[in-house]
Amino acid sequence: MEMQLTQRQELKVALTKELVQAIELLQYSTVELQSLLHEQALENPFIELRERKRLIHRRREQTDRMDYIENVSAFKHSLPSHLHAQLVGIRVSNEHKKALDYLIASLDEWGYLHTTIAEAACHLQLEETVVSNALHMLRSLDPAGVGAENLSHCLYLQLIRLPERDELAETIVTEYFEPFVNKKWKEIKAKLGVELSDLQRVWELIRTLHPRPGSLYNDEQMTYIVPDVIVSYDNGTWTVTMNEEIVPTVVWNEAYERKVQTDDPHVRKYIEEKRQQFQWIQRCLTQRATTMEKITLELIDKQRDYFEKGSLHMKPLTMRDVAASLNMHESTVSRAVKNKYMQTPHGLIEMRRFFTSGVDDASQEKVKSLIAELIKQENSQKPLSDQNIADLLEQRYNICVARRTVAKYREQLHIPPASKRKQYA
């Protein structure tokens, strides 16, 4: 064996910190990009963020409505605080207050109570009658249904507070709830001596109630989906606009630079490093916008039927197809559409949904849309079974899918099975 020193040339891609940052920035959504820029501004004192002006063409009433929604989100409070606020000014004994505080603290996020009167009384060392009275007071508060033991009890608490009581509905949710929700209505009809139309009326009434009243009040901040790109059609032309309204403009703070300017070489080097960082961010933002625009225009070209006619006309498309047309790497396309949303004439759509696998010459999205349309057009008294839908897809659209595939897509659309869609009036 002999050891030798040899030289060999190799070409490798070195992922510098800047390149990694550029790749990461491409896959950020508009909201994530906003947060990143604020972080960069904190790190680099020469970076100044200036809020963009609202789009001029936005109607004033739309702006007011959005501001109102944002305010609702900002001031939304928790269920416990909402309940305690209603008790302000009500005179109760210390024992009742103690029991109320305990019961409110025992509610889950949906507003259900997971303790019994006996357990609470034992834990608090109070008489059960005190806890019972406190629970009765709790259940009289808003929202209706709070403090319930389970779903049927929650619905009952809401029913008894309606301006016009419905005895049949109250009986059903307390005594026949399970067979009722499973649509075993003929069994209930025979036992109660009512018509199916009466049960249908109760069904429609119960659908207006809230099964999780506590979820209306929680500590979590409401999340809004903000479109990253907006596609519109005007005078025969498709227009692509990057939604930069919530993303601040990045500018170099010249006033601060003049303030700290000095002959000290270390300071000058520091300023130059921060300037390069600023310039790199600007280049990344420009490249991100350019890449997004190119991909969006290509999607409009390859999915023109969708943009012109709607989701029923979505075609199978892969990221490799788009990448090849744009002379990009497939991973670049993948990063660019990750967590991004597009506002189209047919509503808000996640950009990844444009890339669908073929299912017998039809995309999954197209099949889902057809299933939703067939169910929308069905006879509500004789709803289509999953096998019926599969047969119709083959007969009308020459799309062959299995019954279990229809069932999977139907569940993804949050559409109940035929047995629970059936109406009797």
Side-chain angles (χ1 to χ4, degrees), residues 15-44 46-58 224-234 237-253 274-304 306-307 317 319 321-345 347-355:
L15 289 178
T16 63
K17 179 181 178 181
E18 290 79 9
L19 184 57
V20 171
Q21 186 182 55
I23 294 174
E24 290 180 347
L25 192 144
L26 178 61
Q27 64 189 10
Y28 281 171
S29 68
T30 301
V31 176
E32 292 170 333
L33 180 61
Q34 181 189 38
S35 299
L36 174 69
L37 293 179
H38 281 285
E39 290 176 5
Q40 292 293 324
L42 290 174
E43 179 185 339
N44 188 337
F46 297 96
I47 289 180
E48 181 182 353
L49 301 181
R50 294 178 183 173
E51 299 298 327
R52 299 176 187 266
K53 293 182 179 180
R54 296 285 184 182
L55 296 179
I56 297 175
H57 67 263
R58 173 176 286 177
Y224 300 103
I225 296 177
V226 178
D228 301 271
V229 60
I230 301 170
V231 175
S232 57
Y233 187 75
D234 187 31
T237 304
W238 289 99
T239 304
V240 175
T241 306
M242 299 304 299
N243 184 15
E244 298 178 334
E245 187 176 348
I246 69 169
V247 179
T249 304
V250 182
V251 296
W252 180 258
N253 193 332
K274 293 305 177 182
R275 187 188 301 276
Q276 291 177 4
Q277 181 187 29
F278 161 75
Q279 292 172 343
W280 179 256
I281 291 174
Q282 282 196 317
R283 288 196 295 270
C284 287
L285 290 173
T286 301
Q287 183 62 40
R288 175 184 182 273
T290 302
T291 303
M292 288 285 296
E293 184 177 6
K294 286 181 179 179
I295 292 174
T296 302
L297 289 170
E298 188 65 22
L299 287 175
I300 293 174
D301 183 61
K302 293 188 179 299
Q303 294 284 12
R304 188 167 294 275
Y306 163 80
F307 286 95
L317 180 67
M319 292 185 184
D321 296 333
V322 172
S325 299
L326 297 175
N327 196 26
M328 290 181 182
H329 196 279
E330 187 177 346
S331 63
T332 302
V333 177
S334 177
R335 290 188 182 98
V337 301
K338 181 182 179 182
N339 299 326
K340 308 290 196 313
Y341 287 82
M342 181 190 298
Q343 183 67 51
T344 75
L348 195 67
I349 181 172
E350 188 176 8
M351 292 187 71
R352 279 187 175 272
R353 287 179 58 189
F354 285 107
F355 304 97

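Computed over heavy atoms, backbone and side chain alike; hydrogens, waters and symmetry mates excluded.
- Between Thr239 and Tyr233, the closest side-chain pair of non-hydrogen atoms is not below 4.5 Å.
- The closest side-chain heavy-atom distance from Ile281 to Leu37 is below 4.5 Å.
- Atom CZ of Arg335 sits about 12.5 Å away from atom OH of Tyr28, to the nearest 0.5 Å.
- For Asn243 (side chain) and Val229 (main-chain N/O), no donor-acceptor pair under 3.5 Å exists by modelled atom type.
- Between Leu299 and Phe307, the shortest heavy-atom contact is O-CE1, 3.7 Å.
- You'll find the side chain of Asn339 stays beyond 4.5 Å of the side chain of Asp228, heavy atoms only.
- Side-chain contact check for Phe355 versus Val337: some heavy-atom pair is nearer than 4.5 Å.
- A distance-only check finds no donor-acceptor pair linking the side chain of Lys338 to the backbone of Ala336 [under 3.5 Å].
- Nearest approach of Val240 to Glu293, heavy atoms of both residues: CG1-CG, 4.2 Å.
- With hydrogens and angles ignored, the 3.5 Å screen pairs no side-chain donor or acceptor of Glu48 with any backbone N or O of Val250.
- Summarising the geometry, atom CG belonging to Leu285 is positioned 11.0 Å from atom CG belonging to Leu26; distances are rounded to the nearest 0.5 Å.
- For the pair Lys340 and Met292, the minimum side-chain heavy-atom distance is below 4.5 Å.
- Rounded to the nearest 0.5 angstrom, Thr249 OG1 and Gln282 CD are separated by 10.0 Å.
- Looking at Ser334 and Arg352, their side chains come closer than 4.5 Å, going by heavy atoms from C-beta outward.
- Separation of atoms NZ (Lys302) and CG (Leu297) is listed at 12.5 Å; rounding is to 0.5 Å.
- Val322 is not listed as a side-chain neighbour of Phe354, based on a closest heavy-atom distance of 4.5 Å or more.
- With rounding to the nearest 0.5 angstrom, the CD1 atom of Ile230 is 10.0 Å from the CG atom of Leu348.
- Between Lys274 and Gln279, the closest side-chain pair of non-hydrogen atoms is not below 4.5 Å.
- A salt bridge is defined here as a Lys NZ or Arg NE, NH1 or NH2 lying under 4.0 Å from an Asp or Glu carboxylate O, and Glu298 with Lys294 fails to meet this definition.
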Quick one: do Phe278 and Gln40 satisfy side chain to side chain contact (heavy atoms under 4.5 Å, CB included)? Show the steps, please. CA-CA 9 Å; Phe278 161 75; Gln40 292 293 324; over 6 Å; no
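- Atom CZ of Arg283 and atom OG1 of Thr290 lie 13.5 Å apart (nearest 0.5 Å).
- Between the side chain of Ser325 and the backbone N or O of Asp321 there is at least one donor-acceptor pair closer than 3.5 Å.
- The environment of His38 atom NE2 is dense: over 12 non-hydrogen atoms of other residues, nucleotides or ligands sit within 6.0 angstrom.
- In this structure Glu330 satisfies the salt bridge (Lys or Arg N to Asp or Glu O under 4.0 Å) test together with Arg320, sequence neighbours excluded.
- Of the possible donor and acceptor atoms, one in the side chain of Thr291 sits under 3.5 Å from a partner among the backbone N and O of Gln287.
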